[in-house]
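Read the structure below first, then the notes.
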Amino acid sequence: MSIEYVLVSEGEQDEPIELPTEEDGSLLLSTVTAQFAGASGLKYRAGGRLRGLRLVEDRVSPPPGGWAAHRYFCAFPRASAPSPRPRCSDLIVLGLPWKTGEDAVREYFSSFGELLMVQVKRDAKTGLSKGFGFIKFAEYEAQLRALGRRHMIDGRWCDVRIPNSKDGGAAAHRKVFVGRCTESITADDLREYFGAFGQVTDVFVPRPFRAFSFVTFLDPEVAQSLCGQDHIIKGVSVNISTASPKRERDSRSQLLGWGLLDGAAPRVYSWPPEAWPAHSQHSGHAALAPHTPHSAAPDTKPYLKYE
DNA sequence: GTTGAGCGTT
């Protein structure tokens with residue numbers, strides 16, 4: 001059997017390329033992938049149906065009627081192939097009452113799912129709790145349920161977060177600094193306003209009042225897209241910038257982000273434009289953040305977390 | 001009044 005050329009295209013609608021067969025009449029998959037990187041096999045349309053070609057080792061066998069009877073196109077591994085579920089990480093529990101031990105922590109969080117690990121950190125000498133601990137869930141869904149909402153444990157609001165030591169700085173790209181805040185802008189205001197741009201996973205408002213806040217998004221691209229902009233929230237023009245220490249931000253890229261290097265006028269954004277009567281008393285957001293303490297509990301912690 | 005509390009003896 002002599003070499004012949006087979007018409008192969010990447011997708012069914014794409015322009016075909018002639019690929020040479022081997023002496024035995026087979027077509028090497030490596031010949032296919034040389035032109036169509038990532039292809040895992042070949043298929044063709046037979047009487048309205050898709051039909052796959054036999055593949056053994058590197059050799060694709062011709063269909064029963066021979067290569068010339070059809071045009072072929074590539075099969076690719078599923079992009080959304082059985083995606084390995086994200087693994088659970090250790091989670092830090094912050095703000096535990098001094099009296100709370102591992103038994104109470106375990107009992108509380110086991111309602112979210114099976115726990116693989118519970119620790120309450122203690123002073124080595126005194127044995128007294130340091131007020132934080134670590135947990136690990138068996139199921140990622142349980143981790144998602146526990147993250148990003150606050151937890152009332154033994155009478156105190158506690159936070160569950162990915163430990164700083166584990167997130168590799170990824171959180172920084174999802175977080176923005178909101179400068180020029182006034183005291184009238186609450187965590188709920190920020191969550192509602194910025195929720196229009198993407199899912200907000202954390203809002204930090206320092207207490208006592210300081211003229212800034214932090215807003216963390218689920219999607220780092222949302223956070224990055226907002227950096228450098230001015231927005232009007234409840235009539236207040238706030239400035240959004242990257243959430244990193246000041247001295248690390250004094251760079252050309254930041255100036256570019258502000259639109260100050262290419263001559264563009266700084267823009268002021270407001271979304272939605274009519275949503276913020278200047279003096280509205282914020283209300284009715286409990287449904288958005290059902291676990292937010294509001295005035296229900298004396299809460300000395302400076303920030304509110306959501307979802 | 002423009003940069004956050006606290007982060008793991010093994």
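No hydrogens, no waters, no symmetry mates; every other heavy atom, side chains included, goes into these values. As the structure is a prediction and not an experimental result, all values here were calculated from the model.
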Send over the distance from [X] [atom1] to [N] [atom2], rounded to a whole Å.
| X | N | atom1 | atom2 | result |
| --- | --- | --- | --- | --- |
| A:Phe134 | B:dG6 | CZ | P | 13 Å |
| A:Ile233 | B:dT2 | CD1 | P | 16 Å |
| A:Ile162 | B:dG4 | CD1 | P | 22 Å |
| A:Asp123 | B:dG6 | CG | P | 18 Å |
| A:Asn164 | B:dG8 | CG | P | 9 Å |
| A:Lys121 | B:dG6 | NZ | C1' | 14 Å |
| A:Arg122 | B:dC7 | CZ | P | 18 Å |
| A:Phe132 | B:dG6 | CZ | P | 11 Å |

Exercise for review: Look at the rings of A:Phe109 and A:Phe112 and say which category their plane angle falls in: under 30° parallel, 30 to 60° tilted, over 60° perpendicular.
Suggested key: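 Correct class here is tilted.
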Taking the side chain of [X] as heavy atoms from C-beta outward, which of [options] is closest to it?
| X | options | value |
| --- | --- | --- |
| A:Gln119 | B:dG6, B:dG4, B:dT10 | B:dT10 |
| A:Ala243 | B:dG4, B:dC7, B:dT2 | B:dG4 |
| A:Met117 | B:dC7, B:dG8, B:dT3 | B:dG8 |
| A:Pro163 | B:dT3, B:dA5, B:dC7 | B:dC7 |
| A:Phe209 | B:dG1, B:dC7, B:dT3 | B:dG1 |
| A:Lys175 | B:dG4, B:dG6, B:dT2 | B:dG4 |

Check your understanding: Within the structure shown, what part of the strands sits under 4.0 Å from A:Phe214 by heavy-atom distance: base, sugar-phosphate, or nothing?
Key ->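 Base, at least one base heavy atom under 4.0 Å.
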Check your understanding: Across the strands shown, which category fits A:Arg210 at heavy-atom distances under 4.0 angstrom: base, sugar-phosphate, nothing?
Key ->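 Sugar-phosphate: the residue A:Arg210, judged by heavy atoms under 4.0 Å, touches backbone atoms but no base.
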Practice item. Return yes if a side-chain donor-acceptor contact under 3.5 Å exists between A:Ser26 and A:Asp24, otherwise no. Key: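 Yes, side-chain donor-acceptor contact under 3.5 Å.
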Review point. Are A:Tyr72 and A:Leu28 grouped together when hydrophobic residues (ILVMFWY) are joined by side-chain heavy atoms under 4.5 angstrom apart?
Key: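 Unlinked, A:Tyr72 and A:Leu28 end up in two clusters.
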Check your understanding: If Ile, Leu, Val, Met, Phe, Trp and Tyr residues are connected whenever their side-chain heavy atoms lie under 4.5 Å apart, and connections chain through other members, are A:Trp157 and A:Trp98 in the same group?
Key ->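 No; tracing contacts between hydrophobic side chains, which count when under 4.5 Å, never links both residues.
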Review point. Going by modelled atom types, is there a donor-acceptor pair between the base of B:dG6 and the side chain of A:Lys130 at under 3.5 Å?
Key: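 Answer is no: no donor-acceptor pair is held.
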Review point. Less than 3.5 Å between a donor and an acceptor, one on the side chain of A:Thr242 and one on the base of B:dT3, is that the case here?
Key: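 By the distance-only test, no, there is no pair.
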Exercise for review: Taking only Lys NZ, Arg NE, NH1 and NH2, and the carboxylate oxygens of Asp or Glu, determine whether A:Asp159 and A:Arg150 approach each other closer than 4.0 Å.
Suggested key: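 Judged by the 4.0 Å cut-off on N to carboxylate O distance, A:Asp159 and A:Arg150 do form a salt bridge.
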Review point. For B:dG4, is chi within 90° of 0 (syn) or not (anti)?
Key: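 Glycosidic conformation of B:dG4: syn.
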Exercise for review: Output yes if the stacking criterion (under 5.5 Å between centres, under 30° between planes) is met for A:Phe177 over the base of B:dT3, else no.
Suggested key: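 Answer is yes, a stack.
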